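Below: the structure, in structure tokens.
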Protein chains: 2
Amino acid sequence: MNIHFYVTLSRIKTIMAKLQKSIDKRNALIKATIALVNNNGFHATPMSKIAKMANVSPATIYLYFENKQDLVNKTYIEVKEKFTAHAFNHYKADMPVAAGFKLIWNSIADFKFNNCEEAIFLAQCDNTPMVDEPSRQKGIQHFQTLLELWERGKEEGIIKPMSNYLLYAYTIIPLSFLIISQRRGAIQLTKDHVEEAYNAAWNSIKL
Amino acid sequence: MNIHFYVTLSRIKTIMAKLQKSIDKRNALIKATIALVNNNGFHATPMSKIAKMANVSPATIYLYFENKQDLVNKTYIEVKEKFTAHAFNHYKADMPVAAGFKLIWNSIADFKFNNCEEAIFLAQCDNTPMVDEPSRQKGIQHFQTLLELWERGKEEGIIKPMSNYLLYAYTIIPLSFLIISQRRGAIQLTKDHVEEAYNAAWNSIKL
DNA sequence: TACATAAAAATGAATGTTCATTCTTTTTTT
DNA sequence: AAAAAAAGAATGAACATTCATTTTTATGTA
């Protein structure tokens, strides 16, 4: 059975424009949420402020999200997905372990460096009960690729036979602290710092 | 000029008992704050719940703390002080660098292991705008000793010439992630894990 | 293409609840 | 009997969410 749609080109164009506008609004809400939660914390960011920053009526938020918790959950998941996509962007599963790790690590550092607000938001979510458990679980899944790389590294005798939690703790986690410290004005991160950080990470897990 | 006090022993005893009761109540409030904030986040822990958990009337909280923000600030500072005291408990400034670092690191690991709730509370404060800036600054000061050790280590060519922020990021910060992961039920930390963690930390900073 | 009407989206104001803080009263201590 | 500490109820503000209305967009007709 074939279903035929008769649609003019101009019709498609207006539909696309509308969709885009909707996406823009949603993105504005998510961006506002990140900025306000970073600066004031979840407990001190009312929906009214989020709405104002996104140039939208408070009521409009509820056309895009069920409620405040849902807004934060979805923000977390979206940012985490963006982060993960960036982390594994150029990685191929058949790369040598050391090169693969270096590539992924640098992609992550790059993301956190250039998307500092997003990175800080994630750190906040990962260290508090701000997002609900299902959302957190969903955010974690995406790291499968890194775990597989590490398993391969252990089999090949390149990486220490440590728990993946330890590997994560000593390679990825420190970056969050550095980014937060930078945002608080405590340190100004340079290329050198990033290289030192990479060496520290690698030294802590290489066999 | 001498000032003489005429006080009976029993009088002193009742005063001490009263003082102790007051301290107990304050501690109960702080403990309740930690537990509730850890489980629900600052945004979802009303004063009424804190009062209930501490077996106290909501109004009584205001005899001990100015307001909610003050309660959280003071809780942060007290826990941080307890943490710092534990961290440097057996350390002497004339110890060899490597031994000193190992001792301090293990004291910190020990504290976080055995005072998991407190450690998680600190992590939450350090990663969010939950406590105000003056309190955060006050919490940081106490780490002077560790910074001095690292400076000495760098001079002696034992520790890499890295920023103290990097040293902190790669030795102390990972522990917070591990403790949180354990509390979430993701991993069950053993003696072996702690030893592996120490080696990872040391490898990342030793020259 | 121009207009009319229906549908959808967005709004600002209204609602009801939650909660930090204060007030008045009661209990405990001196 | 006075003073201090603690309590529970009261207060008022802030806020998440909903509602009634307005504005914008889509659709059908001439």
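Remember, predicted model here, so these are calculated numbers, not experimental data. In the text below, chain A, chain B and the rest are named by the order of the sequence lines, each starting its count at 1.
Look at B:Lys25 and you'll find a side-chain N or O under 4.0 angstrom from OP1 or OP2 of D:dA6.
Shown are A:Asn115, A:Leu122, A:Ile120; of these, the side chain to side chain contact (heavy atoms under 4.5 Å, CB included) with A:Ile179 is made only by A:Ile120. A side chain to side chain contact (heavy atoms under 4.5 Å, CB included) with A:Ser107 is found for one member of A:His86, A:Lys102, A:Lys112 and no other, namely A:His86.
Note on residues 139-148 of chain A: no pairs pass side-chain hydrogen bond (donor to acceptor under 3.5 Å, both in side chains), not counting sequence neighbours. Residue pairs meeting the ring pair (Phe, Tyr, Trp, His ring centres under 6.0 Å) criterion with at least one member in residues 59-82 of chain A: none, sequence neighbours excluded. Counting only residues at least two apart or in different chains, ring pair (Phe, Tyr, Trp, His ring centres under 6.0 Å) contacts with residues 113-138 of chain A are absent.
D:dA14 atom P lies 15 Å from atom CG of A:Asn40, rounded to whole Å. Taking atom CE of residue B:Met47 and atom P of nucleotide C:dT22, one finds them 10 Å apart after rounding to whole Å. The distance from atom CG of A:Asp24 to atom C1' of C:dA10 is 16 Å, rounded to the nearest whole Å.
Of the residues in residues 49-74 of chain B, those placing a heavy atom less than 4.0 Å from an atom of DNA chain D are B:Val56, B:Ser57, B:Ala59, B:Thr60, B:Leu63, B:Tyr64, in numerical order.
Taking the side-chain hydrogen bond (donor to acceptor under 3.5 Å, both in side chains) definition, one finds that A:Arg152 meets it with A:Tyr91, sequence neighbours left out.
Of all heavy-atom pairs between B:Leu189 and B:Gln182, the closest is N-OE1, 2.8 Å.
A heavy-atom distance below 4.5 Å is not found between the side chains of A:Met95 and A:Phe101.
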Query raised in the report: Dot-bracket, DNA chain D: Watson-Crick or G-U, under 3.5 angstrom, [ ] crossing, | other strand?
Result: ||||||||||||||||||||||||||||||
